[in-house]
Asks: 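One structure coming up, written as structure tokens, with questions to follow.
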Amino acid sequence: MNLRKTASTLSALLLGAAAVGSSQTALAYEYPTIDRVEFVHMCQREHPDKPPQEMLYKCACVVDKLAVDLSYDDFVESSTAFYASTIAGESGQVIRNERVAKGLADTFREQLGKARKSCFIN
């Protein structure tokens, strides 16, 4: 009887752990809606010569591709470093000279380039 109870408890724990592990993995790659919308709007502003509806779909494609390759936390860190490195003057120079920030910015630049290419944004 104790063996059956132990096996049942162990099975329940394993199933619970699997469910928690899979939901945490799925949640790690879900970006908040507001961040997706802000990214798409920024992307659309970068291409004023293209039809807005076309860029809506293409820019949404880019953020979806980024979400596959970067967890939300990695997206926030690397995109912040990337955009901060474009600040002119001393403020931007601090980011450009810092090794970790430069690495994060380079990672984001590479991921962004791949995503843009696969979503047909030149």
Side-chain angles (χ1 to χ4, degrees):
M1 189 73 165
N2 283 340
L3 184 59
R4 186 178 296 162
K5 184 177 179 182
T6 303
S8 176
T9 303
L10 182 58
S11 294
L13 286 173
L14 290 174
L15 286 174
V20 168
S22 65
S23 67
Q24 286 177 343
T25 301
L27 292 176
Y29 293 94
E30 291 180 7
Y31 292 20
T33 302
I34 189 71
D35 290 331
R36 287 178 179 267
V37 170
E38 286 178 348
F39 183 90
V40 169
H41 283 170
M42 182 180 62
C43 176
Q44 285 179 298
R45 284 191 305 270
E46 291 174 353
H47 301 89
D49 56 324
K50 302 285 186 191
Q53 191 69 18
E54 173 188 349
M55 293 314 297
L56 174 68
Y57 285 101
K58 288 182 176 183
C59 294
C61 172
V62 171
V63 75
D64 289 344
K65 298 282 185 190
L66 290 172
V68 169
D69 294 331
L70 297 170
S71 71
Y72 178 67
D73 290 339
D74 290 342
F75 169 79
V76 170
E77 285 184 2
S78 61
S79 65
T80 300
F82 174 75
Y83 292 114
S85 71
T86 65
I87 297 171
E90 266 184 53
S91 299
Q93 193 63 35
V94 171
I95 298 295
R96 289 187 292 275
N97 288 341
E98 208 277 312
R99 187 175 55 84
V100 173
K102 185 177 180 333
L104 289 169
D106 290 344
T107 297
F108 186 75
R109 184 177 295 107
E110 179 183 319
Q111 294 295 329
L112 184 60
K114 286 182 359 187
R116 284 179 174 167
K117 185 176 180 178
S118 69
C119 294
F120 306 103
I121 296 178
N122 302 351

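Since we're looking at a predicted model, the values are computed, not measured.
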Asks: Going by the salt bridge (charged side-chain N to carboxylate O under 4.0 Å, His left out) test, which pairs reach into residues 112-122, not counting sequence neighbours?
Replies: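 Sorted result for residues 112-122: Glu46-Arg116.
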Asks: For the cysteine pair Cys59 and Cys119, state whether the SG atoms are less than 2.5 angstrom apart.
Replies: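 Unbridged: Cys59 and Cys119.
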Asks: Can you tell me how far the CD atom of Gln111 sits from the OG atom of Ser78, to the nearest 0.5 Å?
Replies: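 Here the interatomic distance stands at 8.0 Å.
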Asks: Taking the side chain as C-beta and beyond, is there a heavy-atom pair between Phe39 and Met42 under 4.5 Å?
Replies: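 Phe39 vs Met42: side chains touch.
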Asks: To the closest 0.5 Å, what do you measure between CZ (Arg96) and CD1 (Ile87)?
Replies: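 Between Arg96 CZ and Ile87 CD1, I get 8.5 Å after rounding to 0.5 Å.
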Asks: Are Ile121 and Leu70 joined in one hydrophobic group, where the rule is that I, L, V, M, F, W and Y side chains link up if heavy atoms are under 4.5 Å apart?
Replies: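 Per the 4.5 Å side-chain linkage, Ile121 and Leu70 are co-clustered.
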Asks: Does one hydrophobic cluster hold both Val63 and Tyr83, with members joined at side-chain heavy-atom distances below 4.5 Å?
Replies: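 Looking at the clustering, Tyr83 is in the same group as Val63.
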Asks: Flag yes if Phe82 and Leu104 sit in one hydrophobic cluster, no otherwise; membership is Ile, Leu, Val, Met, Phe, Trp, Tyr, and two members link when side-chain heavy atoms are under 4.5 Å apart.
Replies: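 Different clusters: Phe82 never reaches Leu104 through Ile, Leu, Val, Met, Phe, Trp or Tyr contacts under 4.5 Å.
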Asks: Report yes if some heavy atom in the side chain of Leu66 is under 4.5 Å from a heavy atom in the side chain of Leu112; otherwise report no.
Replies: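 Yes, their side chains come closer than 4.5 Å.
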Asks: Would one find more than 12 heavy atoms of other residues, nucleotides or ligands at under 6.0 Å from atom CG of Asp49?
Replies: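 Yes, CG of Asp49 has more than 12 neighbouring heavy atoms, counting only those of other groups under 6.0 Å.
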Asks: Which heavy-atom pair separates Ala105 from Ser85 by the least distance, and what is that distance?
Replies: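 Smallest heavy-atom distance, with atoms named: CB-OG, 4.3 Å.
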Asks: Shortest non-hydrogen contact from Tyr31 to Ser71?
Replies: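 What the structure gives for the nearest pair is OH-O, 3.9 Å.
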Asks: Does a side-chain heavy-atom distance below 4.5 Å link Asp64 with Arg36?
Replies: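 Sidechains of Arg36 and Asp64: in contact.
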Asks: Can you check whether Thr80 reaches Phe108 side chain to side chain, under 4.5 Å on heavy atoms?
Replies: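 Answer no - side chains too far apart.
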Asks: Between CG of Asp74 and OG of Ser79, what distance do you get to the nearest 0.5 Å?
Replies: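 Going from the CG atom of Asp74 to the OG atom of Ser79 covers 10.0 Å.
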Asks: Quick one: does any side-chain atom of Gln44 pair with a main-chain N or O of Met55 as donor and acceptor, under 3.5 Å?
Replies: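 No, Gln44 side chain to Met55 backbone: no donor-acceptor pair under 3.5 Å.
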Asks: Got a sec, which pairs hit side chain to side chain donor-acceptor pair (under 3.5 Å) with one end in residues 50-59, sequence neighbours left out?
Replies: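 Only Glu54-Lys58 qualify under side chain to side chain donor-acceptor pair (under 3.5 Å).
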Asks: Are Lys102 and Asp106 within salt-bridge range, i.e. N to O under 4.0 Å?
Replies: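 Salt bridge: yes.
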